[in-house]
Colleague: 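There's a structure below that I have some questions on.
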Protein chains: 2
Amino acid sequence: MSFQLDQFLPYQLSVAAAEISRRFAARYAAEAGISIPEWRVLAHLGHSGAVSVRDITQRVHLDKSVVSRAASRLQEVGYVAKSDHGEDRRLIVLQLTPQGEDLMRRLSAVADKFQDELRALLGKDAAAFENGLARLLAGADG
Amino acid sequence: MSFQLDQFLPYQLSVAAAEISRRFAARYAAEAGISIPEWRVLAHLGHSGAVSVRDITQRVHLDKSVVSRAASRLQEVGYVAKSDHGEDRRLIVLQLTPQGEDLMRRLSAVADKFQDELRALLGKDAAAFENGLARLLAGADG
DNA sequence: GCAGATTCGTTGTGCTTGCAACGTATACTG
DNA sequence: CAGTATACGTTGCAAGCACAACGAATCTGC
């Protein structure tokens with residue numbers, strides 16, 4: 001039979017993503033003791049400033065329950081502050097504490113370094129690869 | 001702050017892989033009512049012929065417990081047969097039943113079609129993209 | 001040839017995820 | 001300005017996964 005799983009694009013993509021996520025997660029777990037969802041929430045807050053749980057949910061591709069629990073834990077350990085939204089009291093405003101900002105500075109460096117390593121691994125295909133990834137992401141929305 | 005999660009390669013890779021897996025899984029779930037691990041086991045058996053659980057575990061990047069349970073379910077529904085290995089009685093020999101082979105022929109067509117769609121989406125970057133993916137997979141082993 | 005280490009597949013367990021339900025708050029609609 | 005619908009964040013719950021432990025079988029070294 002001719003079908004070969006290990007030459008099948010969705011399979012390769014899935015395995016590569018899992019392995020790379022795992023390796024990167026090990027680095028920021030070592031640096032900060034945080035999980036993947038927590039990393040994503042932190043990273044988004046670092047860039048966006050003060051936003052609601054809903055904003056994060058929409059942008060980081062995580063279920064709102066996952067964001068809610070990640071935010072709670074990040075608050076417990078002091079990286080994130082929760083406060084009320086003045087006008088709409090359904091909303092909760094999340095933002096980094098000074099410690100959170102400090103951590104994100106360190107994690108940014110870790111992330112940039114990791115990305116550089118990946119680009120080096122990709123070599124001359126790096127640009128086309130990222131281009132293709134963007135196309136997949138755009139096309140997968142529909 | 002400068003770090004942008006949505007331009008971070010591991011994040012993009014993870015989101016793209018998750019979304020594509022989800023969409024492809026919906027297709028073979030509709031065709032055959034199987035899960036992702038079951039699809040992988042079937043696909044590997046279709047290509048490899050009769051092999052042990054251990055062989056599959058090593059090649060499809062799934063934990064042995066996941067392969068074991070997937071194989072049991074596939075046996076229950078009649079796509080896979082288990083038999084003893086003559087020389088080493090620790091091993092279990094898995095292979096597709098005639099119905100399993102039949103199913104894999106249909107699933108191969110579904111998979112090929114899906115992959116063609118992805119390649120179309122990638123356009124001129126397709127070759128470089130797959131090349132890059134191969135490099136990531138090779139580099140991620142170490 | 002036998003005691004300990006290793007390998008195979010299965011099964012048990014804690015944890016995370018994804019979905020649904022809920023309470024509260026705001027937005028619509030007549 | 002009621003009464004209903006919708007949105008927000010939290011919590012409960014079932015399903016799936018990774019990891020560890022296990023019994024059975026084989027290998028290893030003495």
Side-chain angles (χ1 to χ4, degrees), chain A residues 11 14-15 17-26 28-29 33-41 44-45 48 50-76 80-95, chain B residues 11 14-15 17-26 28-29 33-41 44-45 48 50-76 80-95:
Chain A
Y11 171 75
S14 176
V15 171
E19 177 62 23
I20 286 172
S21 279
R22 202 184 58 77
R23 293 208 296 161
F24 180 52
Y28 55 67
I34 59 175
S35 69
I36 292 179
E38 287 158 15
W39 149 254
R40 287 195 186 178
V41 169
H44 183 65
L45 285 178
S48 68
V51 292
S52 68
V53 170
R54 176 182 62 109
D55 287 316
I56 298 178
T57 294
Q58 291 174 339
R59 291 179 199 267
V60 303
H61 288 85
L62 293 174
D63 189 79
K64 60 181 179 174
S65 63
V66 175
V67 173
S68 172
R69 284 164 179 144
S72 293
R73 174 153 189 282
L74 290 171
Q75 182 190 29
E76 281 174 17
V80 163
K82 291 184 183 179
S83 52
D84 290 351
H85 188 281
E87 297 167 7
D88 188 339
R89 285 187 310 191
R90 292 171 301 181
L91 298 177
I92 288 191
V93 177
L94 299 175
Q95 60 185 329
Chain B
Y11 171 74
S14 175
V15 171
E19 178 63 21
I20 286 173
S21 278
R22 202 185 59 76
R23 292 206 298 159
F24 181 51
Y28 55 67
I34 59 174
S35 69
I36 292 179
E38 286 158 14
W39 149 254
R40 287 194 187 179
V41 169
H44 183 65
L45 285 178
S48 68
V51 291
S52 68
V53 170
R54 175 182 62 109
D55 287 318
I56 298 178
T57 294
Q58 291 174 339
R59 290 176 199 270
V60 303
H61 288 86
L62 293 173
D63 189 80
K64 60 182 180 175
S65 63
V66 175
V67 173
S68 172
R69 285 164 177 142
S72 293
R73 174 153 190 284
L74 290 171
Q75 182 191 30
E76 282 175 15
V80 163
K82 292 185 182 178
S83 51
D84 291 350
H85 188 281
E87 297 167 8
D88 188 339
R89 284 187 312 191
R90 291 171 302 181
L91 298 177
I92 287 192
V93 177
L94 299 174
Q95 60 184 329

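Every value quoted in this text rests on a predicted model; they were computed, and no experiment measured them. A note on names: the letters A, B, ... follow the listed sequences, proteins ahead of strands, and every chain is numbered from 1.
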Colleague: Over how many whole Å does the gap from A:Arg40 atom CZ to C:dT16 atom P extend?
Modeller: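 After rounding, the reported distance stands at 16 Å.
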
Colleague: For B:Arg90 and C:dG9, is the shortest distance between a side-chain N/O and OP1 or OP2 below 4.0 Å?
Modeller: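 No, B:Arg90 has no side-chain N/O under 4.0 Å of OP1/OP2 on C:dG9.
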
Colleague: With a non-hydrogen cut-off below 4.0 angstrom, is B:Ser35 in contact with a base, only sugar-phosphate, or nothing?
Modeller: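 Contact class for B:Ser35: none.
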
Colleague: In whole angstroms, how far is the P atom of C:dC19 from the CG atom of A:Leu62?
Modeller: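 Answer to the nearest Å: 12 Å.
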
Colleague: Does A:Ser68 reach the main-chain N or O of A:Lys64 with its side chain, forming a donor-acceptor pair under 3.5 Å?
Modeller: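 Side chain of A:Ser68 to backbone of A:Lys64: no pair is present.
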
Colleague: In terms of the nearest nucleotide of DNA chain C, which residue is placed more toward the 5' end: A:Arg89 or A:Asp63?
Modeller: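 This one resolves to A:Asp63.
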
Colleague: Rounding to an integer number of Å, can you tell me how far B:Gln75 CD sits from C:dG9 P?
Modeller: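 Value for this atom pair: 14 Å.
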
Colleague: What residue among A:Val66, A:Thr57, A:Leu74 forms side chain to side chain contact (heavy atoms under 4.5 Å, CB included) with A:Val41?
Modeller: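 That would be A:Leu74.
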
Colleague: How far does OG of A:Ser35 sit from CZ of A:Arg69, to the nearest 0.5 angstrom?
Modeller: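 Separation between the atoms: 12.0 Å.
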
Colleague: For B:Ser68 and C:dT10, is the shortest distance between a side-chain N/O and OP1 or OP2 below 4.0 Å?
Modeller: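 Checking B:Ser68 against C:dT10: at least one side-chain N or O falls below 4.0 Å of OP1 or OP2.
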
Colleague: Going 5' to 3' along DNA chain D, which nucleotides are the first and last within contact of chain B (any atom under 4.0 Å from a heavy atom)?
Modeller: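 Span of nucleotides near chain B: D:dC17 to D:dT26.
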
Colleague: Are any of the side-chain heavy atoms of B:Leu91 and B:Val93 separated by less than 4.5 Å?
Modeller: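 No; the side chains remain at least 4.5 Å from each other.
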
Colleague: Nearest whole Å is fine: how far is C:dT10 C1' from B:Asp84 CG?
Modeller: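 The distance from CG of B:Asp84 to C1' of C:dT10 comes to 15 Å, rounded to the nearest Å.
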
Colleague: Between P on C:dT26 and NE2 on A:His85, what's the gap in Å once rounded to a whole number?
Modeller: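 Whole-Å distance recorded here is 11 Å.
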
Colleague: Does B:Arg22 pair with B:Glu19 as a salt bridge, N-O distance under 4.0 Å?
Modeller: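 Salt bridge present between B:Arg22 and B:Glu19.
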
Colleague: To the nearest Å, give me how far apart CG (B:Asp88) and P (C:dC8) are.
Modeller: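 Roughly 8 Å, once rounded to whole Å.
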
Colleague: Take B:Val51 and B:His44 through the test side-chain contact (heavy atoms from CB on, under 4.5 Å) and record every step on the way to the result.
Modeller: CA-CA 9 Å; B:Val51 291; B:His44 183 65; 4.3 Å; yes

Colleague: Can you tell me how far P of C:dT7 sits from CD1 of B:Ile92, to the nearest Å?
Modeller: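 These atoms are roughly 18 Å apart.
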
Colleague: Less than 4.0 angstrom between a side-chain N/O of A:Lys64 and OP1 or OP2 of C:dA21, yes or no?
Modeller: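 Result: no.
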
Colleague: Just so I know, are the side chains of B:His61 and A:Tyr11 near enough to count as touching, which here means a heavy-atom distance under 4.5 Å?
Modeller: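 The answer is yes; the side chains approach within 4.5 Å.
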
Colleague: Can you tell me the distance, in whole Å, between the CZ atom of B:Arg54 and the C1' atom of C:dT10?
Modeller: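 Going from B:Arg54 (CZ) to C:dT10 (C1'), I get 16 Å.
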
